[in-house]
Amino acid sequence: MAGEALDRRNMWEPSVYFALGKESFFFAGHDISIRESMDTYGALIWPGAIALCQFLENNQQQVNLMDKAVLEIGAGTGLLSIVASLLGAWVTATDLPDILSNLTFNLLRNTKGRSRYTPQVAALTWGQSLERDFPYPSFHYDYVFAADVVYHHDCLEELLETMRHFCRPGSQTTLLWANKVRFQSDLSFTESFKSSFNTTLLFELPQQEVRIYKATAKE
C-alpha cells in the first residue's frame with residue numbers, strides 16, 4: 001500500500017519532505033506562504049533572504065524591479081524570487097536539482113495570478129557548465145540576487161566564479177548579495193567578493209550580523 005501511495009503522488013512532490021514546516025510572510029501587498037523542510041539547507045528560509053526582501057520592498061525607487069530580468073542563485077525555498085516577482089520582475093530562480101521541486105511549488109503557489117511574469121525555475125550548480133547552460137549574452141540579467149549562499153561548504157570558489165559569470169564587464173548587471181556572518185568562511189569570502197567587484201554596503205543589521213552588498217563588474 002505504501003508503495004502504491006508513493007506511485008500516486010504527484011510527480012512534483014518531493015520525496016524528502018518528511019519534516020515539513022510552513023512560514024508566512026507579508027511582502028509587496030501579499031500574504032506569502034512558504035513550505036520548508038529541515039532536511040536540507042536549501043529548504044529553509046535564512047535571515048539574509050528576509051532582509052533582502054525587506055530592503056527591496058522598502059527601496060523600490062533605488063532598486064526598481066519593474067520589467068527587469070532577475071536571476072537568483074541558490075534560491076532555496078524561493079521567498080526572494082517570489083517577492084521580486086510580486087514587485088514586477090521577470091525572475092529565473094535557480095538551485096541544485098534536488099531543491100527545484102519545492103522551489104517550484106512555492107513559486108507557483110505564491111505568484112499565480114499575482115505577478116506580471118510567471119517565474120521560471122532552472123537547475124544551476126555553481127561553477128559547472130555555465131557557458132553551456134547560461135551562455136552570455138543570450139542569458140543576460142539586469143540583476144543577480146544571492147541571499148545566504150555563503151555558509152560552511154566547499155563551493156566558495158565556484159560560487160564566486162558563478163557570480164563573475166553573470167556579472168561580467170560590459171554586462172551592466174547589478175549583483176545584490178545578502179549574508180549573515182556565521183563563520184570565518186563568510187569573512188574570507190567577503191574579501192574575495194570585494195576584490196572581484198566594485199562593491200557598496202547598501203544596508204546592515206548589526207544585531208543580526210546581516211549585510212547587503214551591491215556589486216558591479218570591474219571594467
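This is a predicted model, so every value here is computed, not measured.
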Next on the checklist: List the residues meeting side-chain contact (heavy atoms from CB on, under 4.5 Å) with Ala51, not counting sequence neighbours, and say none if there are none.
Outcome noted: Leu205, Val210, Ile212
Checklist entry - What salt bridge (charged side-chain N to carboxylate O under 4.0 Å, His left out) pairs are there with at least one residue in residues 111-129, not counting sequence neighbours? => result Asp67-Arg116
Checklist entry - Pairs in or reaching into residues 173-185: which pass salt bridge (charged side-chain N to carboxylate O under 4.0 Å, His left out), with residues at least two apart or in two chains? => result Asp148-Arg182
Next on the checklist: Taking transitive links into account, so neighbours of neighbours count too, which hydrophobic residues share a cluster with Val181 at under 4.5 Å side-chain distance?
Outcome noted: Leu187
Item to check | salt bridge (charged side-chain N to carboxylate O under 4.0 Å, His left out) involving Glu131 - partner list, sequence neighbours excluded | outcome: Arg168
Checklist entry - What residues form a side-chain hydrogen bond (donor to acceptor under 3.5 Å, both in side chains) with Gln120, not counting sequence neighbours? => result none
Checklist entry - For Ala69, which residues count as a side-chain contact (heavy atoms from CB on, under 4.5 Å) partner, sequence neighbours excluded? => result Trp90, Tyr141, Asp142
Checklist entry - Who are the side-chain hydrogen bond (donor to acceptor under 3.5 Å, both in side chains) partners of Asn179, not counting sequence neighbours? => result Asp186
Item to check | Side-chain donor or acceptor of Ser171 paired with backbone N/O of Cys167 under 3.5 Å | outcome: no
Checklist entry - Does the gap between the ring centers of Trp177 and Phe197 come in under 6.0 Å? => result no
Item to check | Closest approach of Ala93 to Leu107 (non-hydrogen atoms, all atoms of both residues) | outcome: CB-CD1, 3.9 Å
Item to check | Pairing residues for Asn59 by the side-chain hydrogen bond (donor to acceptor under 3.5 Å, both in side chains) criterion, not counting sequence neighbours | outcome: none
Item to check | Thr174: side-chain contact (heavy atoms from CB on, under 4.5 Å) partners, not counting sequence neighbours | outcome: Tyr143, Leu176, Lys214, Thr216
Checklist entry - Can you list the residues that meet the side-chain contact (heavy atoms from CB on, under 4.5 Å) rule with Pro206, with sequence neighbours excluded? => result Glu204
Next on the checklist: So, using side-chain hydrogen bond (donor to acceptor under 3.5 Å, both in side chains) as the criterion, who are the partners of Ser196 when residues are at least two apart?
Outcome noted: Arg164
